[in-house]
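Okay, structure first, notes after.
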Protein chains: 2
Amino acid sequence: MDIRFAANERVELTFLIGRVSRELRRRFDIDMASLKLTRAQWRAMLYVFRLKQPTQTELAEVLELGRASVGSLIDQLERRGNVARIVDEKDRRVWRVVPTSLASVKWAEIDEAGSHVATEVFAGFTEEDLLNVKSYMEKVILNLNRANEMSAHASNKGIANDTD
Amino acid sequence: MDIRFAANERVELTFLIGRVSRELRRRFDIDMASLKLTRAQWRAMLYVFRLKQPTQTELAEVLELGRASVGSLIDQLERRGNVARIVDEKDRRVWRVVPTSLASVKWAEIDEAGSHVATEVFAGFTEEDLLNVKSYMEKVILNLNRANEMSAHASNKGIANDTD
DNA sequence: CACCGATTGTAAGCCGCCATACTGTATCTA
DNA sequence: TAGATACAGTATGGCGGCTTACAATCGGTG
């Protein structure tokens, strides 16, 4: 087998993944526009319902976002009447995030919108394909984590000089 | 085969792709920090070298970005001395983008940085795996395009009402 | 109790990307 | 030749996400 996947094509492949990600977000945003939600907001709502009164930090963890990002996401959702912040009795530092009754009523509809897009996006994929995609993506994440650890060590110990 | 990939899991899969994309960019950015380039800038440079004096619009096409995004990318690269804008003799509307001699000298090194990351990211992937990833991603793009066309038609003709 | 370190959330400012609206130039056509 | 139309690039402002720095609070330890 000849080298069809030279470094160059691997680079292109990372760009392709980026492109998929961007277009995916765009499609979600379009489909959810009628619900007045962006994909990021929709996703936050998803976990607000799942977690039952999560703190913002808890949300940040499951969403894999920074606390600051989640904070502004909640701001948006609060302004539009989708969630409310309620105080925690036991810890005055934290806000607990809850859906408004309005959002609860509309949730079935909102949830449906997500399923619709996801089904559309993977049209023609078999179960096996989906599992493959998942495991490929997870493997990339693992490789990235390993790389991050390595560069962290290198800078800690002053090893570095890989490209010099 | 039971339904392991319900709509819910398909949604999660789109999130996973987004996460991969974000972490990919982060890793590129870290590796290229020593070269004073972000991934987006690096990528623009790649095509500046490949295309030989492209216009900004041509760059926008190959990069699959909007013209405005490319404009500001070129601004950054120009400020840091990586590219220059030269006038087109035949059409006074356009700028042709060329690498500076400084960038040309460093290009081999810069190019290497990209290969390094891409190799790291796909460590443990066989040729077949890489081809699979590529074709899965392309299929998603196709599905997205089809969805976009459909919703465009629907809104043109006032059909819509898919989710109602 | 007093203090110190860890933790929650906010503020400010950056990057990457987008869409929209605008300027200036080119080109086609009457 | 004038006027409409198309096209290149810029300006502006928005979203999504990040980092860094900070205030308030909690919790442990002396």
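All values derive from a computational prediction rather than experimental measurement. Residue numbers begin at 1 in each chain, while the letters A, B, ... track the order of the sequences.
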Mind checking side-chain hydrogen bond (donor to acceptor under 3.5 Å, both in side chains) for B:N143 and listing every partner two or more places apart, or none if nothing turns up?
-> B:R146
B:E61: salt bridge (Lys or Arg N to Asp or Glu O under 4.0 Å) partners, not counting sequence neighbours | none
Which residues satisfy the salt bridge (Lys or Arg N to Asp or Glu O under 4.0 Å) test with B:R79, sequence neighbours excluded?
-> none
Below 4.0 angstrom, N of the basic side chain to O of the carboxylate: do B:R39 and B:E23 qualify?
-> no
Separation of D:dG14 C1' from A:D29 CG (nearest whole Å) | 12 Å
How close or far is atom P of D:dC18 from atom CZ of B:F28, stated in whole angstroms?
-> 19 Å
A:T38 side chain: which of D:dG16, D:dA8, C:dC15 is closest?
-> D:dG16
Report each atom pair, protein N/O against N/O of nucleotides 19-23 of chain D, whose distance is under 3.5 angstrom.
none

For A:E64, the side-chain hydrogen bond (donor to acceptor under 3.5 Å, both in side chains) test, sequence neighbours excluded, returns B:R19
For A:F28, what residues pass the ring-ring contact (aromatic ring centres under 6.0 Å, His included) criterion, not counting sequence neighbours?
-> none
Looking for any heavy atom pair under 4.0 Å, which part of the strands does B:R85 touch: base, sugar-phosphate only, or nothing?
-> sugar-phosphate
In residues 43-57 of chain A, which residues come under 4.0 Å of DNA chain D by heavy atom?
-> none
Euclidean distance, atom CG of residue A:L37 to atom P of D:dG16 [Å, nearest integer] = 10 Å
In one Ile/Leu/Val/Met/Phe/Trp/Tyr side-chain cluster, 4.5 Å: B:W95, B:V70 | no
Minimum-distance nucleotide (side-chain atoms of A:R22 versus C:dG16, C:dC18, D:dG9) | C:dC18
Find every protein N or O atom lying less than 3.5 Å from an N or O atom of nucleotides 27-29 of chain D, and list the pairs.
none

Rounded off to whole Å, could you give me the CD1-to-P distance for the B:I74 and D:dA11 pair?
-> 14 Å
To the nearest angstrom, the CD-P distance between A:Q76 and D:dC15 comes to 6 Å
Atom CG of B:D75 and atom C1' of C:dC17: how far apart are they, to the nearest Å?
-> 15 Å
Test salt bridge (Lys or Arg N to Asp or Glu O under 4.0 Å) applied to A:E58 - qualifying residues, sequence neighbours left out = none
Quick one: is D:dC15 close enough that its OP1 or OP2 comes under 4.0 Å of any side-chain N or O from A:Q41?
-> no
Grab the CD-C1' distance between A:E78 and C:dT10 for me, whole Å please.
-> 13 Å
Pairwise ring pair (Phe, Tyr, Trp, His ring centres under 6.0 Å) hits with a residue in residues 56-93 of chain B, at least two apart = none
side-chain contact (heavy atoms from CB on, under 4.5 Å) involving B:R43 - partner list, sequence neighbours excluded = A:F15, A:R22, B:Y47, B:L63
Tell me: CD of B:E23 to C1' of C:dG16, nearest whole Å?
-> 17 Å
Salt-bridge criterion met for B:D75 and B:R85 (N-O under 4.0 Å) = yes
Using a cut-off of less than 4.0 Å, is there contact between a side-chain N or O of A:R92 and OP1 or OP2 of D:dA24?
-> no
Pick the nucleotide of DNA chain D nearest each of A:E64 and B:G71; which residue has the one closer to the 5' end?
-> B:G71
Residue pairs, two or more places apart or on separate chains, that pass salt bridge (Lys or Arg N to Asp or Glu O under 4.0 Å) and touch residues 92-108 of chain B = B:D88-B:R96, B:D91-B:R93
